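The structure under discussion appears below in the form of structure tokens.
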Amino acid sequence: MKKKNKVRWGRLHTQLVLFYVILSLLVFSIVGGLSYAIAFKSVKTQAEQRLLQTFKQIEDNITVYLEDVETMARKLRIDNTIQDYYQFVDMNDASSIYLARELLEMLDETLNTYQNIHSTMLFREDGAYFGTTRSQTISGKKADLPVYSLDCYAMALRDFPNIIWASEPELYQLLRRLNTEQNQDKHFISALLGIQTFYEKRQSSVLSINLKEESLRAAYSRSWQDAEFKIDLVDKDGMIFSSQTPDKIGTQIEAAIVIPEREMYTQVNTSGTESTRQMIFYKIKKTGWYIAAEIPKDYFTRDLNFFPMILLISCFISLGIITPIYSYWITHTMHPLQKLTEEMENLGKGEFGRIVQKIPNNEIGTVILHFNEMSCNIRTLLERTEKIEREKTKIEIRALQNQINPHFLYNTLNTVKWMAAVIDAENIVECIVALNKILRPIFSSQEETHTVRQELDYLQNYVTILNFRYGNNISFKVDVDEALMEENIIRFILQPLVENAVTHGFMSNETGSIQIKARREGEKLIFLVQDSGVGISPACLTELRDKIEHNREDGGGIGLQNVNQRLRLHFGSEYGLTIESDPGHGTSIYVVMARIV
């Protein structure tokens, strides 16, 4: 049984520890998940802000670069040489040749001054065009030149005096065809601005300043130091016109996108079903171009890649430290409960009175205190019950010792009565009849109770016999209300008191009286047996009360002790006898019992 108890206890201990581990893991998971979510959002926001600041710096560099070019272009637009060129109708006469020379010198000077310019071109509405590169002069006249059908050309005339930045492939291809030199720059970007002569208030021509793509790339590359990936400049249609990877220029970006009108946004690269890349777009306000960067999906959150592992390791380390401590605490805390379980098992085996010695100052200690109290109470109750049973056994043995065969006694008394009647001895007949009435209820019924009336009749017959013995010296009086006559009481409970009054209260030839009174108080019946005898001295009264209270059988007072013991056994310790005596004036004994319904 002890081994089984240990196994069961160990199972409870294991359940508590497992519950703690599971609960801790759940709490760690929730807290870790929330922490990761908060950290993820914070780190991503900070990374996006850093990237946004970088893009803004690139935008500023590009804007400064383009504004320098625009300043130079506006000066060219109002230059007298260019104004004169747009006014000449015939470019083949001598004056036009001189003008062309001046225009060429002015444009060459511009190219020498601005190394980032690839070429400049002037387009008139009559199809005439004139321009220069660093190694070649371009001129001619062609009314159906494709440039006049381009959107950027129309926008330059319409939005005068604003400058239009164009990266259209058609313009790029046209300018390459007009340029016949062998070693051409691969790519360039054009600034188009409408020309309005001083004499005509309309826009009839366009000046195109073509910038080297590599110079624009150098302008924004100064602010981009991340070697992991490159950035591109794309137009609103997703065409790459400048890139840190030159081979991508002139191609569409890989992501299938619809660029919204937002400053910066992210779109997952859809070139593969399980792509690990994403596109970042940032809009340049001045031109409507976009800075595009293809970056890894975890670019913004890569600093958190080890965060879940760190959380997991922290969780297991914490559990590894806390769990043994918690297990020890559980073992220490539950030890009193284990002892309580063992004592309860012993109590179940009949070992009453067992208690737990060590009592903790908590709820378990309260349970142990109640168990100890219960165990002691059970033992006390059992001891009291055993004592009551022993007392009952003694009383029964006494009754058996005093038992006489009733038929033999009745027959003997009848014989004596007829013998007395034959010799005309009436007093003997009366005595025998009284004795017969005393003995008949003793042997005729086995009930424990009878009425007050029957008890008083019994006492009257008993006193009658005593008067034959003592010569009619005893006066017997009854003062009991008729309403109490049918109350049930314990049989023969008052007879030992009357006998005690006669035996110890009167001398053999002394005249005396015995009075019986009764009253009811609630659920109690109180009888008073009062005699006019010699009384009891204070010392003897104290000794007698002590014997009755503690049920001591040494010396006299055995009859009173038996009556008191019967009352307490039947009704409880609050009932019994109370003795009062006035030496020389008699003794009063109060009998308190409960009503028997």
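Not measured: the values here are computed from a predicted model.
In this structure, L216 CG and S221 OG are separated by 9.0 Å, a value rounded to the nearest 0.5 Å. Taken from CD in Q46 to CG in L52, the straight-line distance is 14.0 Å, to the nearest 0.5 Å. Interatomic distance, OG1 of T366 versus CD1 of I359, reported as 9.5 Å (0.5 Å rounding). Distance check: T341 OG1 to N346 CG gives 11.0 Å after rounding to the nearest 0.5 Å. Rounding to the nearest 0.5 angstrom, the gap separating the OG1 atom in T380 from the CG atom in L382 is 9.0 Å. Here M121 contributes atom CE and T133 contributes atom OG1; the two are 10.0 Å apart, rounded to the nearest 0.5 Å.
The two residues C376 and I355 have their closest heavy-atom pair at SG-CG2, 3.8 Å. Considering every non-hydrogen atom in both A156 and L192, the closest pair reads CB-CB, 3.9 Å. Minimum interatomic distance between N112 and Q115 (heavy atoms only, all atoms of both residues): O-NE2, 2.8 Å. Closest heavy-atom contact between T63 and K286: CG2-CD, 3.8 Å. Summarising the geometry of A219 relative to N61, their closest heavy-atom pair is O-CB, 3.4 Å, with the distance given to 0.1 Å. Smallest separation of non-hydrogen atoms from I368 and K358: CD1-O, 4.3 Å.
D108 and T132 form a side-chain donor-acceptor contact under 3.5 Å, judged by distance and modelled atom types alone. Residues D68 and Y114 bring no donor and acceptor atom of their side chains to less than 3.5 Å of each other. Under the 3.5 Å distance criterion, with hydrogens and angles disregarded, a donor-acceptor pair is assigned to the side chains of Y220 and S242.
Taking the six-membered ring where tryptophan is involved, the planes of W289 and W165 are perpendicular, since the angle between them exceeds 60° and thus also 30°.
Contact check for N210 versus I117: no side-chain heavy atoms found under the 4.5 Å cut-off. Contact of the E342 side chain with the E345 side chain is not registered, since no non-hydrogen atoms from C-beta on lie closer than 4.5 Å. Residues Y290 and L233 fail the side-chain proximity criterion, which asks for heavy atoms closer than 4.5 Å. Side-chain atoms of I163 and I209, non-hydrogen and from C-beta on, never get closer than 4.5 Å to each other. Two residues are said to be in side-chain contact when any heavy atoms from C-beta on lie closer than 4.5 Å; K248 and T245 meet this criterion. No side-chain heavy atom of K75 sits less than 4.5 Å from a side-chain heavy atom of M72. Between L193 and L76, every side-chain heavy-atom pair lies at or beyond the 4.5 Å cut-off. With a 4.5 Å cut-off on side-chain heavy atoms, F123 and Y153 count as touching.
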* Any chance you could lay out the side-chain contact (heavy atoms from CB on, under 4.5 Å) test for I280 and F55, step after step, and finish with the verdict? => CA-CA 10 Å; I280 303 295; F55 281 167; 3.4 Å; yes
* To do: Report the C-alpha distance between L26 and I30 in whole Å, list the side-chain angles of each, state the deciding distance to 0.1 Å, and finish with yes or no for side-chain contact (heavy atoms from CB on, under 4.5 Å).
  => CA-CA 6 Å; L26 180 62; I30 295 175; 4.2 Å; yes
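Under the 3.5 Å distance criterion, the side-chain polar atoms of E59 are matched with a main-chain donor or acceptor of K285. One N or O on the side chain of E213 and one on the backbone of S243 form a donor-acceptor pair closer than 3.5 Å. Of the possible polar contacts, none joining the D159 side chain to the N162 backbone as a donor-acceptor pair under 3.5 Å is found. In this structure, the side chain of S215 does not engage the main chain of L211 through any donor-acceptor pair within 3.5 Å. Looking only at distances, no side-chain donor or acceptor of S375 sits under 3.5 Å from a matching main-chain atom of F371. Judged by distance alone, with hydrogens and angles left aside, the side-chain atoms of R217 form no donor-acceptor pair with the main-chain N or O of Q244 at under 3.5 Å. The backbone N or O of L381 sits less than 3.5 Å from a side-chain atom of T385, completing a donor-acceptor pair.
More than 12 heavy atoms of other residues, nucleotides or ligands shown are found within 6.0 angstrom of CE on M374. Heavy-atom contacts from other residues, nucleotides or ligands closer than 6.0 Å to CG of N361 number 12 or fewer.
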